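Inspection log for the structure reproduced underneath, given as structure tokens.
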Amino acid sequence: MRLATWNVNSVRARLDRVLAWIDRSDVDVVALQETKCKDEQFPEQAFLDLGYEVAHHGLSQWNGVALVSRVGLEDVSTRFSTDVPQFGEPAVTEARAIGATCGGVRVWSLYVPNGRGLEDPHYVYKLAWLQALRSAGAGWLAQDPQAQVALVGDFNVAPTDDDVWDVDFFAGATHVSEPERAEFRSLVDAGFADVVRPYAPGPGTYTYWDYTQLRFPKRQGMRIDFVLGSPALAGRVTGATIDREERKGKGASDHAPVVVELAPNA
DNA sequence: ATGACCTGTACGACAGGA
């Protein structure tokens with residue numbers, strides 16, 4: 001089974017590119033982030049025509065996550081726990097998570113809050129959101145240590161200094177702060193391994209490049225998109241790639257797709 | 001070459017991104 005995650009930065013603005021990539025990449029399950037539309041605006045029929053089912057969760061022009069699958073899409077949920085942190089005044093729950101069982105794997109498409117700045121309320125929200133995710137994930141594994149779970153998406157955290165093109169450039173910014181990195185590590189420590197890294201070693205290996213300042217051709221990026229697998233899932237991984245070719249050219253998302261190859265379930 | 005911000009909303013900027 002081939003499982004992918006991709007922050008598409010609007011599914012409608014680059015629908016042709018998204019469909020073409022899925023069609024040629026032979027992927028069974030694709031988790032999308034930043035679809036930037038409401039459910040009724042999601043171009044579902046185009047995915048159905050390709051032979052994939054879709055579950056989408058979008059509440060406004062912001063955020064939005066989806067799961068696309070040709071190996072089943074069951075038990076869809078749009079919250080990983082009963083106490084996902086809210087944001088804003090008045091407080092609202094944003095469309096940042098959708099989970100479903102696809103081909104025997106519980107897949108969560110996640111779009112972790114950006115944080116905006118270290119003194120911003122959004123940063124507090126980001127840390128709380130990651131903590132809630134870790135708590136939920138740890139609970140699933142406590143209930144079933146053999147659970148096949150994939151936590152995938154845009155985590156908006158660069159876990160180590162090797163995951164950004166210039167540490168000094170990001171000094172004092174979000175994505176690299178110690179509290180964010182600690183939350184990411186605790187997710188890994190809870191049993192969710194970064195299954196891509198062994199196949200995409202660094203430094204200099206990234207999944208995101210800013211649109212400005214020629215960041216992509218200069219290879220100045222960040223590694224912030226991940227596939228984190230439970231022990232049972234991680235044991236099935238036989239390969240992984242970051243498809244930086246898809247970052248090239250006109251109309252690209254600023255994130256590259258990340259693909260993981262899984263051996264058949266024993 | 002990989003190339004000099006982009007998207008949604010709404011129609012002029014502005015929020016949000018990271």
Side-chain angles (χ1 to χ4, degrees), chain A residues 5-18 21 32-43 56-66 86-89 92-96 110-127 129-130 153-181 183-184 200 204-226 241-258:
Chain A
T5 184
W6 189 12
N7 179 321
V8 291
N9 184 19
S10 173
V11 71
R12 292 178 295 170
R14 53 185 57 81
L15 180 59
D16 290 348
R17 271 191 85 131
V18 171
W21 184 84
L32 303 178
Q33 299 87 38
E34 276 209 272
T35 57
K36 290 189 169 174
C37 66
K38 302 176 183 179
D39 287 347
E40 60 267 30
Q41 298 172 312
F42 189 91
H56 178 256
H57 180 43
L59 301 171
S60 71
Q61 72 270 42
W62 306 122
N63 314 307
V65 283
Q86 299 185 304
F87 182 72
E89 190 62 47
V92 294
T93 301
E94 299 180 314
R96 294 183 177 276
L110 305 167
Y111 180 45
V112 176
N114 173 290
R116 297 178 186 169
L118 299 186
E119 306 301 323
D120 196 296
H122 209 258
Y123 180 71
V124 178
Y125 168 54
K126 178 181 194 174
L127 294 177
W129 202 95
L130 283 166
D154 178 358
F155 284 75
N156 272 322
V157 177
T160 75
D161 287 353
D162 279 354
D163 298 318
V164 295
W165 63 274
D166 182 356
V167 188
D168 295 334
F169 180 85
F170 292 97
T174 58
H175 295 63
V176 299
S177 75
E178 182 49 34
E180 292 166 84
R181 288 178 167 176
E183 288 296 344
F184 188 90
T205 296
Y206 309 121
T207 64
Y208 162 87
W209 300 261
D210 197 296
Y211 284 125
T212 68
Q213 304 295 123
L214 289 171
R215 294 290 183 225
F216 181 62
K218 290 178 177 174
R219 297 180 176 266
Q220 298 175 337
M222 310 174 80
R223 191 173 73 102
I224 56 176
D225 301 270
F226 296 93
T241 55
I242 298 166
D243 190 357
R244 67 183 304 284
E245 288 298 309
E246 179 56 30
R247 180 62 180 79
K248 297 178 181 179
K250 193 175 180 64
S253 170
D254 42 4
H255 295 252
V258 179

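If you're wondering where the values come from, they're calculated on a predicted model, not measured in any experiment. Letters A, B, ... are given to chains in the order of the sequence lines, protein chains preceding strands, and every chain is numbered from 1.
Nucleotides B:dG12 and B:dG8 place their C1' atoms 14 Å apart, quoted to the nearest Å. Atom name P, nucleotides B:dA10 and B:dG16: the rounded distance is 15 Å, in whole Å. B:dT7 and B:dA18 have their C1' atoms separated by 15 Å, with the value rounded to a whole Å.
Figure legend: cation-pi geometry between A:Arg14 and A:Trp21 absent, as NZ or CZ is not positioned both under 6.0 Å from the six-membered ring centre and within 45° of its axis.
Side-chain N or O atoms of A:Thr241 include none that pairs as donor or acceptor with a backbone N or O of A:Asp243 at under 3.5 Å.
Residue A:His255 places at least one side-chain N or O under 4.0 Å from the OP1 or OP2 atom of B:dA18.
Per the geometry, OH belonging to A:Tyr125 stands 13 Å off P belonging to B:dA18, to the nearest Å. If you take CD of A:Glu180 and P of B:dA18, they are 12 Å apart, rounded to a whole angstrom. Spacing between atom CG of A:Asn63 and atom P of B:dG17 amounts to 7 Å, rounded to whole angstrom units. If you measure from atom CD of A:Glu94 to atom P of B:dG17, you get 8 Å, rounded to the nearest angstrom. Atom CG of A:Asp120 is separated from atom C1' of B:dG17 by 13 Å (rounded to the nearest Å). Rounded to whole Å, atom C1' of B:dG16 lies 12 Å from atom CG of A:Asn7.
In this structure, A:Glu245 reaches neither bases nor backbone, as no heavy-atom distance under 4.0 Å exists between it and the strands shown. In this structure, A:Phe155 reaches neither bases nor backbone, as no heavy-atom distance under 4.0 Å exists between it and the strands shown. Looking at heavy-atom distances under 4.0 Å, A:Asp254 makes no contact with the nucleic acid at all. Across all strands shown, A:Asp154 has heavy atoms under 4.0 Å from sugar-phosphate atoms exclusively, and none from any base. Residue contacts shown for A:Tyr208 are limited to sugar-phosphate atoms, with no base heavy atom under 4.0 Å away. A:Gly115 comes within 4.0 angstrom of no nucleic acid atom, judged by non-hydrogen atoms across all strands. At a threshold of 4.0 angstrom between heavy atoms, the contacts of A:Arg116 are confined to the sugar-phosphate backbone, with no base atom among them.
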Restricting to nitrogen or oxygen on both sides, can you table the protein-nucleotides 5-9 of chain B pairs closer than 3.5 Å?
residue	atom	partner	partner atom	Å
B:dC5	OP2	A:Gln213	N	2.8
B:dT7	OP1	A:Arg14	NH2	2.8
B:dT7	O3'	A:Ser10	OG	3.2
B:dG8	OP1	A:Ser10	OG	2.4

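Taking CD of A:Glu94 as the start and NE2 of A:His57 as the end, the distance is 10.0 Å to the nearest 0.5 Å. Here the straight-line distance linking atom OG1 of A:Thr174 with atom NE2 of A:His122 works out to 10.0 Å at 0.5 Å rounding.
Applying the side chain to side chain donor-acceptor pair (under 3.5 Å) criterion to A:Arg17, with sequence neighbours excluded, gives A:Glu246. Remark: A:Glu178 pairs with A:Arg185 by the side chain to side chain donor-acceptor pair (under 3.5 Å) rule, at least two apart or across chains.
Between A:Asp154 and A:Arg96 there is no salt bridge, since no side-chain nitrogen of the basic residue lies less than 4.0 Å from a carboxylate oxygen of the acidic one.
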